[in-house]
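Below: one structure, written as structure tokens.
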Amino acid sequence: MESTTIKKLYREHENYADKQVKLSGWIRTLRSSKSFGFIELNDGTFFKNAQIVFDEALSNFKEIEKLPISTSITVEGKVVLTPNAKQPFEIKADNVIVEGTSSSDYPLQKKKHSFEYLRTIAHLRPRSNTFSAVFRVRSLAAFAIHKFFQERGFVYVNSPIITGSDCEGAGQMFRVTTLDLDNLPRTQDGQIDVKEDFFGKTTSLTVSGQLEAEVFALSFRNVYTFGPTFRAENSNTPRHAAEFWMIEPEIAFAELKDDMELAEDMIKYIINYVMENAPEEMEFFNNFIDNTLFDKLNNVVNSEFGHVTYTEAIEILKKSGQQFEYPVEWGIDLQTEHERYLTEKVFKKPVFVTDYPKEIKAFYMRLNDDNKTVAAMDLLVPGVGEIIGGSQREERLDVLERRIKELGMDINDYWWYLELRKYGGTKHAGFGLGFERMIMYLTGMSNIRDVIPFPRTPGNAEF
RNA sequence: UCCAUGGUAGCUCAAUGGUGGAGCAUCCGGCUGUUAACCGGAGGGUUGGAGGUUCGAGUCCUCUCCAUGGAGCCA
């Protein structure tokens with residue numbers, strides 16, 4: 001007999017009434033009495049379990065009754081509809097074959113565990129309800145992102161993971177080298193001789209694919225990257241990881257306004273797609289992780305995102321009468337407390353903050369006509385904070401060169417980036433979305449370590 | 001990296017400076033429709049680590065490691 005899946009049974013159980021089926025999966029829980037028992041079986045295809053009923057008519061009843069949690073089994077039996085029970089159907093087992101036994105010291109118990117504990121067993125936590133839901137949503141969200149961009153004709157660009165330019169200044173980089181660290185080659189003046197290294201120069205793991213995305217935007221018009229990025233910052237917060245995934249669209253013949261419209265459409269698209277395709281998982285998050293989740297997500301999908309310039313935001317904060325730890329003054333970078341006040345108290349929905357002072361933003365952002373601010377935007381969302389950072393890029397070669405020099409950077413490091421402006425440059429814009437932060441927002445999970453399968457944070461790369 | 005809080009049984013947590021406990025899990029037994037099943041019994045501890053104060057330290061002090069929350073950096 002061919003195997004079926006628990007997902008199929010849930011979606012089409014009425015068609016399966018009284019039919020023989022075969023299922024394979026792992027025992028989530030098992031309860032038995034003298035002559036019969038129940039198994040909650042999860043086969044990985046669906047958030048919910050199938051209830052298996054087994055009784056003493058089975059030759060191996062005594063063995064089954066004592067199987068430890070997480071034993072993998074194959075069950076053959078009849079689907080019985082149970083409209084009055086908690087679950088719509090169950091399987092009356094004719095045959096239970098043990099595929100792989102487990103052990104009584106299996107660390108996942110049939111009760112609630114703390115996320116901190118589950119992080120110490122990252123190899124087993126995908127078998128728990130919460131992580132089963134998180135990682136299925138993560139997978140669906142990734143697909144939704146590709147679907148969103150592909151439907152709009154965007155070209156998917158794979159930017160390099162090993163990069164030779166450390167010019168973006170987005171953060172500390174992880175060095176990539178094949179040099180013998182116990183015996184480093186030296187030049188005559190005692191410096192490490194990077195010419196001896198694999199690439200003949202200093203290389204690192206990428207902190208952003210933006211510059212490469214700009215290259216492709218200026219030949220494909222609309223492109224996006226979606227891949228891992230790395231920051232060697234010693235950040236110990238629930239919102240930062242050393243390895244995380246980022247989505248970076250880049251659009252040509254476009255301005256900041258187009259960039260923000262794209263960001264808003266994308267966020268709404270992802271939410272809608274996941275709500276539609278993972279209803280059981282989302283229900284679980286709303287019930288057990290954050291019971292304001294549906295309200296928040298519906299609010300996002302059904303509302304226009306807020307817009308405020310940095311200068312206006314400063315005025316709002318100043319007039320709020322709120323005591324902030326960091327005093328508000330034009331020119332400061334917005335602190336977490338300011339961002340949260342704006343998005344959670346003032347707007348109560350996602351809000352774009354635009355046109356920041358040039359001093360606190362990157363060199364490639366387009367200088368506004370006031371000569372003081374740049375065409376940058378951050379999207380702030382309640383509960384998570386900054387989820388997107390983007391800008392219109394500086395397309396004027398002379399202005400860009402001046403900005404690079406002003407900031408004391410070496411213009412020769414950017415020769416290919418500058419040539420994009422020399423040979424048919426145009427106005428263009430883009431943004432970066434932290435994929436894990438999006439998943440946090442979608443699921444209500446409050447720690448980035450719990451939305452990435454194997455989190456990398458300072459001092460932690462066990463799994 | 002800074003600030004705060006915490007670290008006790010497999011897990012979640014109690015314990016006034018004076019004999020380290022409970023619930024769940026595990027093991028054994030019982031139970032004919034369970035839903036984190038239920039009922040009875042049993043086993044289970046170098047109190048994160050190192051030093052110190054004290055007649056006596058899980059508890060107080062010093063150092064250290066780790067975790068969590070907040071901040072900074074950012075996505």
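Predicted, not measured: the structure shown is a model, and the values here were computed from it. Naming convention: chains lettered A, B, ... in sequence-line order (proteins, then strands); numbering from 1 in each chain. Values below: all heavy atoms of this structure, side chains included; hydrogens, waters and symmetry mates excluded.
Across C31(B), G72(B), A75(B), the shortest atom-to-atom separation from the side chain of R231(A) is found for A75(B). Listed nucleotides C74(B), A75(B), G29(B) differ in distance to I448(A); the shortest reach to its side chain belongs to A75(B). For T336(A), counting side-chain heavy atoms from C-beta on, the closest listed nucleotide (U68(B), A75(B), G72(B)) is G72(B).
Under the Watson-Crick and G-U wobble criteria, each requiring two contacts below 3.5 Å, nucleotide G43(B) is left unpaired. Partner assigned to G69(B) is C3(B), using Watson-Crick or G-U wobble distances below 3.5 angstrom. Across all strands shown, G18(B) forms a Watson-Crick or G-U wobble pair, both distances under 3.5 Å, with C55(B). The nucleotide G10(B) finds its pairing partner in C24(B), both defining distances of the Watson-Crick or G-U wobble pair being shorter than 3.5 Å.
The separation between Q109(A) atom CD and A9(B) atom P is 13 Å, rounded to whole Å. To the nearest angstrom, P of C11(B) lies 15 Å from CD1 of I69(A). Separating the CG atom of N287(A) from the P atom of A36(B) is a distance of 14 Å, rounded to the nearest angstrom. Atom CZ of R340(A) is separated from atom P of C74(B) by 18 Å (rounded to the nearest Å). One can place CZ of F324(A) at 13 Å from P of G72(B), the figure rounded to the nearest angstrom. In this structure, N234(A) atom CG and G72(B) atom C1' are separated by 11 Å, rounded to whole Å. Counting to the nearest Å, the C1' atom of C27(B) and the NZ atom of K66(A) are 10 Å from each other. Straight-line distance from the CG atom of N236(A) to the P atom of C3(B): 14 Å, rounded to whole Å.
Here D259(A) does not pair with R393(A) in a salt bridge; the nearest charged N to carboxylate O distance is not below 4.0 Å. Using a cutoff of 4.0 Å between basic side-chain nitrogens and carboxylate oxygens, D290(A) and K296(A) are scored as salt-bridged. Taking a cutoff of 4.0 Å between a charged side-chain nitrogen and a carboxylate oxygen, E436(A) and R239(A) do not qualify as a salt bridge. Looking at K427(A) and E255(A), a side-chain N of the basic residue comes within less than 4.0 Å of a carboxylate O on the acidic one, giving a salt bridge. Ion pair R231(A)/E243(A) not flagged as a salt bridge, since none of the NZ, NE, NH1 or NH2 atoms sits closer than 4.0 Å to an Asp/Glu carboxylate oxygen. A salt bridge between R11(A) and E280(A) is present, with a side-chain N of the basic residue lying under 4.0 Å from a carboxylate O of the acidic one.
Residue T237(A) places no side-chain N or O under 4.0 Å from the OP1 or OP2 atom of G69(B). Considering only side-chain N and O atoms, R119(A) lies under 4.0 angstrom from the phosphate OP1 or OP2 of U68(B).
Rounded to whole Å, the C1' atom of C55(B) lies 16 Å from the corresponding atom of C60(B). The gap from the C1' atom of G23(B) to that of A9(B) amounts to 12 Å, rounded to the nearest Å. Distance noted for atom P between C63(B) and C3(B): 12 Å (whole Å). A57(B) and G40(B): their C1' atoms are spaced 38 Å apart (whole Å). Using P as the reference atom, C66(B) and A75(B) are 28 Å apart when rounded to the nearest Å. Nucleotides G17(B) and C73(B) are separated by 44 Å at their C1' atoms, to the nearest Å. For the P atom pair drawn from C11(B) and U68(B), the interatomic distance equals 15 Å after rounding to whole Å. If you take atom P in G70(B) and the same atom in G18(B), they sit 35 Å apart, rounded to whole Å.
If you check every strand for non-hydrogen atoms under 4.0 Å, Y326(A) touches sugar and phosphate atoms only. Within 4.0 Å (heavy atoms only), P68(A) reaches no atom of the nucleic acid at all. Residue E243(A) is out of contact with every strand shown, counting any heavy-atom pair closer than 4.0 Å. At the heavy-atom level, D105(A) lies nowhere under 4.0 Å from the strands shown. Counting non-hydrogen atoms under 4.0 angstrom, S104(A) reaches the backbone sugars and phosphates but no base. Residue contacts shown for E116(A) are limited to sugar-phosphate atoms, with no base heavy atom under 4.0 Å away. Base contact: S32(A) has a heavy atom under 4.0 Å from a base atom.
Taking for each of N447(A) and L433(A) the nucleotide of RNA chain B with the nearest heavy atom, the 5'-most of the two is the partner of N447(A). With the nearest nucleotide of RNA chain B identified for both E65(A) and P238(A), E65(A) has the one nearer the 5' end.
One can find a donor-acceptor pair under 3.5 Å joining the base of C74(B) and the side-chain atoms of R437(A). For C74(B), the base has a donor-acceptor partner in the side chain of H240(A) [N/O atoms by modelled type, under 3.5 angstrom]. Side-chain atoms of Q335(A) stay outside donor-acceptor range of the base of G72(B), with no qualifying N/O pair under 3.5 Å. Applying the 3.5 Å distance criterion, the base of C74(B) shares no donor-acceptor pair with the side chain of S235(A). Scanning atom types as modelled, no donor and acceptor separated by under 3.5 angstrom connect the side chain of E233(A) and the base of G72(B).
Centre separation under 5.5 Å together with a plane angle under 30° does not hold for the ring of F38(A) and the six-membered base ring of G33(B), so they are not marked as stacked.
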Requested in this report: Kindly determine whether K147(A) and Y269(A) satisfy side chain to side chain donor-acceptor pair (under 3.5 Å), including the steps that lead there.
Outcome: CA-CA 9 Å; K147(A) 197 161 178 291; Y269(A) 188 99; 3.3 Å; yes
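Environment of CD in E151(A): crowded, with over 12 heavy atoms of neighbouring residues, nucleotides or ligands closer than 6.0 Å.
A donor atom on one side chain and an acceptor atom on the other are found under 3.5 Å apart for E214(A) and H428(A).
Aromatic ring orientation, Y310(A) versus W330(A): perpendicular (interplanar angle above 60°, classes split at 30° and 60°). Classified by interplanar angle (parallel below 30°, tilted 30° to 60°, perpendicular above 60°), the ring pair Y273(A)/F143(A) is tilted.
For E394(A) (side chain) and L367(A) (main-chain N/O), a donor-acceptor pair under 3.5 Å exists by modelled atom type.
Proximity of residues 71-89 of chain A to RNA chain B (heavy atom under 4.0 angstrom from any strand atom) is restricted to A85(A), K86(A), Q87(A). Of the residues in residues 41-58 of chain A, those with a non-hydrogen atom less than 4.0 angstrom from any atom of RNA chain B are Q51(A).
Residues satisfying the side-chain hydrogen bond (donor to acceptor under 3.5 Å, both in side chains) criterion with Y16(A), sequence neighbours excluded, are T4(A).
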